[in-house]
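Down below is the structure, laid out as structure tokens.
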Amino acid sequence: MPPTRHDRAYELDERGSGRPLPRSFFAQPTLTVARQLLGKILVHASPDGTTAGRIVEVEAYRGPRDRAAHSRGGHRSPRNESMYGPAGHAYVYLVYGLHHCLNVVTRAPGVPEAVLLRALEPIRGLSLMRTRRGGAAHPDWQLCRGPGVLCRSLGIDRTFDGRSLRGGRLRIVDAPGFAAPLIRRTARIGVDYAGPDAARPWRFLVAGVQAVSGKRIP
DNA sequence: GAATAGATTGTCT
DNA sequence: GACAATCTATTCT
């Protein structure tokens, strides 16, 4: 497949390589990491081929005091153990018995905070994404629109839980961010059970991007 | 375009 | 046995 305009713009080579982000990037406060992840690129170099997309929507989950987080009240179990691990590693879980969701762990080991990746703008391996989605004729902007769907398109499952995202087959590489005025905040999605924390504006997305979940912002 | 129901299973009470 | 950081198809308007 010939390189696309996006590949050159984001300096991805044939294997989807790029500059990794330092661990210090992921160890920052979770809201900072969430905002700064917008524009970075998630790459999965699988045996079937490489798929990649630019991060355009995320949500922050802020540990024991956040009643929407899996680590609320300091809860710790085999399922969410990765949230307690080092910054820059993955926390992958299954929701509703059907869909995988990918989080990026933040802060110091023992501090169970993370950023959920909710949508990507696809930039590489679009035909493989369509195959993984079951061969339906989805438009490009629908291929990674939503946390479960992006994992399906990129072939991400719980085998990546607890693994580093700064090297290996699944990784996040550096790329230019978005101008601050384009970044919007809203309440998080699907956390109505979380009482007062349901309303906190800890979802970050990019205005003018079609590939975000829910209603897009002009 | 908006609202609704159903899928499907690991995890926790 | 209840519920979940979701998605899709279907049935309205």
Side-chain angles (χ1 to χ4, degrees), chain A residues 26 30-31 33-35 37-38 42 51 53 55-85 89-107 111-122 129-162 165 172 184-205 210-218:
Chain A
F26 298 103
T30 303
L31 292 180
V33 177
R35 195 165 44 233
L37 276 173
L38 296 174
L42 178 66
T51 44
I55 298 168
V56 294
E57 179 186 352
V58 299
E59 284 176 356
Y61 286 87
R62 301 186 67 192
R65 294 192 317 278
D66 177 4
R67 289 162 67 182
H70 289 167
S71 53
R72 56 186 169 270
H75 176 76
R76 185 170 187 166
S77 70
R79 182 205 198 196
N80 72 352
E81 180 61 28
S82 300
M83 287 190 85
Y84 290 81
H89 284 222
Y91 167 43
V92 183
Y93 66 91
L94 190 65
V95 265
Y96 299 106
L98 294 165
H99 309 290
H100 295 283
C101 291
L102 171 64
N103 292 254
V104 182
V105 175
T106 60
R107 305 202 59 194
V111 182
E113 303 193 13
V115 176
L116 171 68
L117 303 190
R118 290 195 56 92
L120 313 175
E121 194 173 61
M129 291 182 189
R130 288 196 173 84
T131 301
R132 287 176 174 148
R133 292 287 301 280
H138 295 101
D140 295 359
W141 61 272
Q142 283 183 3
L143 287 172
C144 303
R145 186 189 194 229
V149 163
L150 81 83
C151 283
R152 189 117 139 83
S153 286
L154 267 67
I156 297 165
D157 60 25
R158 281 189 298 177
T159 63
F160 293 99
D161 184 43
L165 293 169
I172 293 173
R184 306 299 165 80
R185 299 174 65 161
T186 78
R188 294 170 293 181
I189 292 178
V191 295
D192 295 341
Y193 56 84
D197 291 330
R200 303 199 185 281
W202 291 347
R203 172 176 177 242
F204 296 80
L205 69 164
Q210 198 172 24
V212 299
S213 69
K215 204 171 70 175
R216 63 181 190 266
I217 296 177

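Here the structure is a predicted model, which means the values were calculated and not measured. Every chain is numbered from 1, with letters handed out A, B, ... down the list of sequences.
- Counting to the nearest Å, the C1' atom of dT8(C) and the OH atom of Tyr96(A) are 14 Å from each other.
- In this structure, Leu94(A) and Val149(A) both approach DNA chain C, and ranking their closest nucleotides by distance from the 5' end singles out Leu94(A).
- For DNA chain B, the contact window with chain A, defined by any atom under 4.0 Å from a protein heavy atom, covers dA7(B) to dC12(B) in 5' to 3' order.
- Of all heavy-atom pairs spanning Glu57(A) and Arg203(A), the tightest one is OE2-NE, 2.8 Å.
- Using a 4.5 Å cut-off on side-chain heavy atoms (C-beta onward), Leu117(A) and Leu37(A) make contact.
- A heavy atom lying under 4.0 Å from DNA chain C marks the following residues of residues 68-85 of chain A, by number: Ala68(A), His70(A), Met83(A).
- In this model, the phosphate group of dT6(C) is approached by a side-chain N or O of Arg118(A) to a distance below 4.0 Å at OP1 or OP2.
- Sorted by first and then second residue, the salt bridge (Lys or Arg N to Asp or Glu O under 4.0 Å) pairs involving residues 132-147 of chain A (not counting sequence neighbours) are Arg130(A)-Asp140(A).
- Atom CZ of Arg188(A) and atom P of dT6(C) are 11 Å apart (whole Å).
- For the 3.5 Å distance criterion, the side chains of Asn80(A) and Ser71(A) fail to qualify, holding no donor opposite an acceptor.
- The separation between Leu98(A) atom CG and dA9(C) atom P is 14 Å, rounded to whole Å.
- Taking every heavy atom of both residues into account, Tyr84(A) and His75(A) meet most closely at OH-O, 2.7 Å.
- With sequence neighbours excluded, the residues forming a side chain to side chain contact (heavy atoms under 4.5 Å, CB included) with Pro147(A) are Cys101(A), Leu116(A), Arg118(A), listed by chain and number.
- In plain terms, the two heavy atoms of Cys144(A) and Met129(A) that are nearest each other are SG-SD, 3.7 Å.
- For dA5(C), the base is not stacked against the aromatic ring of Tyr93(A), per a cut-off of 5.5 Å between centres and 30° between planes.
- Taking every heavy atom of residues 150-160 of chain A and every atom of DNA chain B, pairs under 4.0 Å involve Arg158(A), by number.
- The residues Arg200(A) and Asp197(A) are annotated as salt-bridged, a charged nitrogen and a carboxylate oxygen being separated by less than 4.0 angstrom.
- Separation of the P atoms belonging to dA3(B) and dA5(C) is 22 Å when rounded to the nearest angstrom.
- Enclosure of atom CZ in Arg65(A) is not indicated, since only 12 or fewer non-hydrogen atoms of other residues, nucleotides or ligands lie within 6.0 angstrom.
- Straight-line distance from the CZ atom of Arg67(A) to the C1' atom of dA4(C): 17 Å, rounded to whole Å.
- For the pair His89(A)/Phe160(A), no side-chain contact is recorded, criterion being any heavy-atom separation below 4.5 Å from C-beta on.
- The shortest distance between side-chain heavy atoms of His138(A) and Val149(A) does not fall below 4.5 Å.
- Contact annotation: Arg203(A) side-chain N/O to dA5(C) OP1/OP2 distance is not under 4.0 Å.
- Between the NE2 atom of His99(A) and the P atom of dA5(C) there is a distance of 13 Å, given to the nearest Å.
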What would the secondary structure line of DNA chain C be in dot-bracket form, counting Watson-Crick and G-U wobble pairs under 3.5 Å, with [ ] for pairs that cross earlier ones and | for pairs with another strand?
||||.|||||||.
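- Separating the CG atom of Leu143(A) from the P atom of dT8(C) is a distance of 11 Å, rounded to the nearest angstrom.
- The two residues Gly63(A) and Ala69(A) come nearest to each other via the heavy atoms O-CB, 3.9 Å.
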For Glu59(A) and Arg188(A), what are the C-alpha separation, side-chain angles and deciding distance, and is it a salt bridge (Lys or Arg N to Asp or Glu O under 4.0 Å)?
CA-CA 7 Å; Glu59(A) 284 176 356; Arg188(A) 294 170 293 181; 5.6 Å; no
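- Between Tyr93(A) and Asn103(A) there is a side-chain heavy-atom pair separated by less than 4.5 Å.
- Arg62(A) has its CZ atom 18 Å from the P atom of dA5(C), to the nearest Å.
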